[in-house]
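Working notes, structure below.
As the structure is a prediction and not an experimental result, all values here were calculated from the model. Count residues from 1 along the sequence.
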Amino acid sequence: MAVSATTATLTGLPRRLVQDGIIAEEACAEALESAKQAKQSLVHFLVDQQLADPRQIAIAASHEFGVPLLDLSVLEPDLEAVRSVDQKLLTKHRVMPLIRRGQRMFLAVADPTNLQAIDEIKFQTGFRIDPVVVEQDKLEEMVSKALEAVDTSMSSFDEDDFDLEGLEVSGGDEELDDEVSATDVEDAPVVRFVNKIMLDAIKRGASDIHFEPYEKMFRVRTRLDGVLNQVASPPTALAQKVCARLKVMARLDIAERRVPQDGRIKMRLSKNRAIDFRVNTCPTLFGEKVVMRILDPSSAKLGIEALGYEDHQRSLYEDALAKPYGMILVTGPTGSGKTVSLYTGLNILNTEDRNISTAEDPSEINLPGINQVNVNPRVGLTFASALKAFLRQDPDVIMVGEIRDLETAEIAIKAAQTGHLVLSTLHTNDAPRTLTRLVDMGVKPYAIATSVSLIIAQRLARRLCDSCKEVKDIPEEALLQEGFTKEDVQGGLRIYGPVGCKICNEGYKGRVGIYQVMPVSESIARIILEGGDAVQISKQAESEGVWDLRRSALQKVKDGVTGLEEINRVTIE
């Protein structure tokens with residue numbers, strides 16, 4: 001094979017890339033020059049500009065320099081090895097300590113010619129460095145993941161590396177007891193750690209943060225798309241300091257550790273955006289567990305079309321909202337999206353010609369144009385007393401955060417019967433059980449039959465990532481057992497499942513609502529008046545075309561929005 005003049009001037013890895021047909025020689029020469037000007041390695045430049053496949057580059061480098069080749073996707077970062085190297089070196093050279101054995105360390109590199117990185121790490125650690133070739137894109141991903149994990153582990157905080165103390169957050173100035181001094185609470189590394197955890201949770205789209213102390217461990221978990229994931233494991237000695245810091249931010253009593261407390265934190269990210277956190281502390285065997293609910297006002301402005309209602313379900317909800325009176329109840333477990341559903345409805349109703357008042361515990365989403373009240377039972381401001389006050393203020397629409405007792409239920413129903421639209425929530429498993437739950441609370445059946453107009457039961461399921469979801473091969477018998485019909489199975493049904501990629505969380509990205517939307521028809525009202533149970537109501541609703549939660553979930557699977565594993569997690573067959 002004839003060697004061109006250009007190829008003859010190339011040496012080492014560039015020459016190997018050209019000879020293996022991975023990149024044309026002219027393009028390689030140009031890339032080499034551009035990489036020098038950009039002060040990047042050739043490998044980084046080629047991958048960054050998508051001029052060559054990272055896998056092929058790694059194979060060529062392994063062959064050229066006789067260095068072992070490794071697939072990073074089969075490994076998890078060894079944080080102990082990462083901590084032994086100065087993080088500034090890892091950030092500068094984008095290399096990854098894989099494992100340490102005594103005085104020997106294996107170092108993942110995309111470019112084995114990066115001798116400066118190897119020498120600097122060898123000098124800093126005193127270890128013998130053995131390079132291992134990996135793919136550039138996977139290396140970048142693992143370096144970022146490992147550095148983030150080390151940052152939140154509290155083991156190697158460096159004040160010069162972070163600018164997290166200037167964040168504008170609310171704070172308190174309560175007196176501190178002897179065990180927790182003001183110096184402890186304002187300890188700079190603790191402040192930065194807490195702020196970073198909060199920022200990372202916001203960035204990832206988490207809904208909750210859990211700080212959990214145990215006898216021999218202290219862990220931090222975030223709930224992402226409805227599933228808890230551990231994000232940090234600080235030393236147990238810091239548990240009390242972290243808890244004290246959170247209590248100061250939420251204006252809670254630091255000295256009180258025997259009873260649960262509730263508070264709020266506002267974190268201002270910019271002039272135009274602030275995030276609220278609802279904070280609850282609860283005493284456990286080995287300290288106080290702190291759970292923070294992240295309240296993002298933008299979630300209430302998604303629009304009803306983004307929530308996941310089927311067309312006929314959406315029409316039923318909009319029709320009920322258009323009525324001047326009646327009661328709309330939203331039901332489901334904690335974290336099923338009830339508040340967002342209610343506020344989406346309030347957003348539709350929030351016009352200049354309506355007087356809207358809400359009573360909540362606490363108010364999670366701030367909406368201009370709506371009169372929002374936080375109930376406070378300690379001073380006598382209960383749901384019932386707030387409702388009574390609303391009825392004396394000429395309301396059009398009333399929203400009650402939750403119907404918890406008979407008094408609240410009776411006042412809300414009376415309001416719905418006397419020309420007001422009332423929205424509220426209840427904790428039941430499905431729509432038919434909501435009606436019998438009201439009866440169990442002591443509400444008269446005739447009052448329920450004449451006031452409740454619509455019940456929405458809901459769950460939240462994780463959405464499959466559109467970028468990586470793939471079709472699953474599932475036997476027909478299994479699909480029939482899941483609830484699909486023969487027509488579905490024989491009609492070319494395609495079931496998708498999660499895979500996982502760079503832009504999603506283990507194959508899922510975001511969540512979608514699964515709904516049972518049940519209008520209270522004359523037939524259902526008659527069953528209530530006759531003392532019927534939830535089973536009878538459910539059968540009547542089904543005969544009227546109301547989809548139960550399972551059928552709605554199966555439709556989401558048929559549409560490719562979510563997978564079978566996910567709907568089995570959130571719904572009952």
Side-chain angles (χ1 to χ4, degrees), residues 295-374 383 386-387 390-391 395-403 408-409 412-413 415-417 419-428 430-431 434-435 438 451-460 511-520 546-547 549 552:
L295 310 174
D296 191 349
S298 62
S299 61
K301 301 175 184 178
L302 292 172
I304 194 169
E305 64 281 348
L307 298 186
Y309 286 94
E310 302 297 330
D311 290 340
H312 68 281
Q313 295 175 333
R314 175 180 167 183
S315 297
L316 289 171
Y317 189 19
E318 289 176 333
D319 290 346
L321 290 170
K323 293 179 179 179
Y325 59 87
M327 179 181 282
I328 299 173
L329 292 173
V330 181
T331 181
T334 302
S336 60
K338 298 189 297 296
T339 301
V340 172
S341 283
L342 284 178
Y343 267 94
T344 301
L346 289 178
N347 224 13
I348 294 171
L349 297 169
N350 189 15
T351 56
E352 189 178 340
D353 59 341
R354 286 192 180 95
N355 177 19
I356 303 175
S357 297
T358 72
E360 300 166 83
D361 184 19
S363 177
E364 295 189 2
I365 298 170
N366 179 27
L367 272 187
I370 292 178
N371 308 291
Q372 297 172 278
V373 174
N374 278 335
F383 281 120
L387 268 175
F390 291 164
L391 291 172
D396 295 301
V397 181
I398 296 171
M399 196 269 269
V400 186
E402 184 183 347
I403 294 178
T408 306
I413 283 174
Q417 290 174 325
H420 307 95
L421 182 61
V422 180
L423 291 78
S424 189
T425 69
L426 211 62
H427 285 281
T428 57
D430 59 15
T434 304
L435 296 171
L438 288 171
S451 61
V452 180
S453 56
L454 185 76
I455 302 173
I456 302 172
Q458 68 180 78
R459 301 288 188 276
L460 284 179
R511 290 192 286 180
V512 64
I514 295 172
Y515 303 93
Q516 179 184 24
V517 182
M518 188 183 83
V520 180
V546 174
W547 287 13
L549 286 167
S552 295

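Judged purely by atom type and a 3.5 angstrom limit, Lys338 has no side-chain atom pairing as donor or acceptor with the backbone of Leu329. No donor-acceptor pair under 3.5 Å is formed between the side chain of Ser424 and the backbone N or O of Gly401. With Ser451 contributing its side chain and Ile413 its backbone, the two residues share no donor-acceptor pair below 3.5 Å.
Residue Asn355 is tested with Val397, Asn371, Ile398 for a side chain to side chain contact (heavy atoms under 4.5 Å, CB included); the sole match is Asn371. The residue from Gln313, Gln516, Gln458, Glu310 that alone fulfils the side-chain hydrogen bond (donor to acceptor under 3.5 Å, both in side chains) condition with Ser552 is Gln313.
The nearest pair of heavy atoms linking Asn350 to Gly369 is OD1-O, 3.5 Å. Nearest approach of Arg354 to Ile348, heavy atoms of both residues: NH1-O, 4.5 Å. Smallest separation of non-hydrogen atoms from Gly337 and Leu460: N-CD1, 3.9 Å. Closest approach of Val422 to Ala412, counting heavy atoms only: CG2-O, 3.7 Å. Across every non-hydrogen atom of Ser453 and Ile328, the tightest pair is OG-CG1, 4.2 Å. The shortest non-hydrogen separation linking Leu391 to Ala415 is CD2-CB, 3.7 Å.
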Run the side chain to side chain contact (heavy atoms under 4.5 Å, CB included) test on Leu426 and Leu438 for me, step by step, so that the C-alpha distance in whole Å, both residues' side-chain angles and the decisive distance to 0.1 Å come before the verdict.
CA-CA 9 Å; Leu426 211 62; Leu438 288 171; 4.1 Å; yes
Yes or no on side chain to side chain contact (heavy atoms under 4.5 Å, CB included) for Glu360 and Met399, after CA distance, side-chain angles and deciding distance?
CA-CA 8 Å; Glu360 300 166 83; Met399 196 269 269; 3.8 Å; yes
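With a 4.5 Å cut-off on side-chain heavy atoms, Met518 and Leu435 count as touching. A heavy-atom distance below 4.5 Å is not found between the side chains of Val330 and Leu423.
Ring planes of Tyr309 and Tyr317: tilted class, angle from 30 to 60°.
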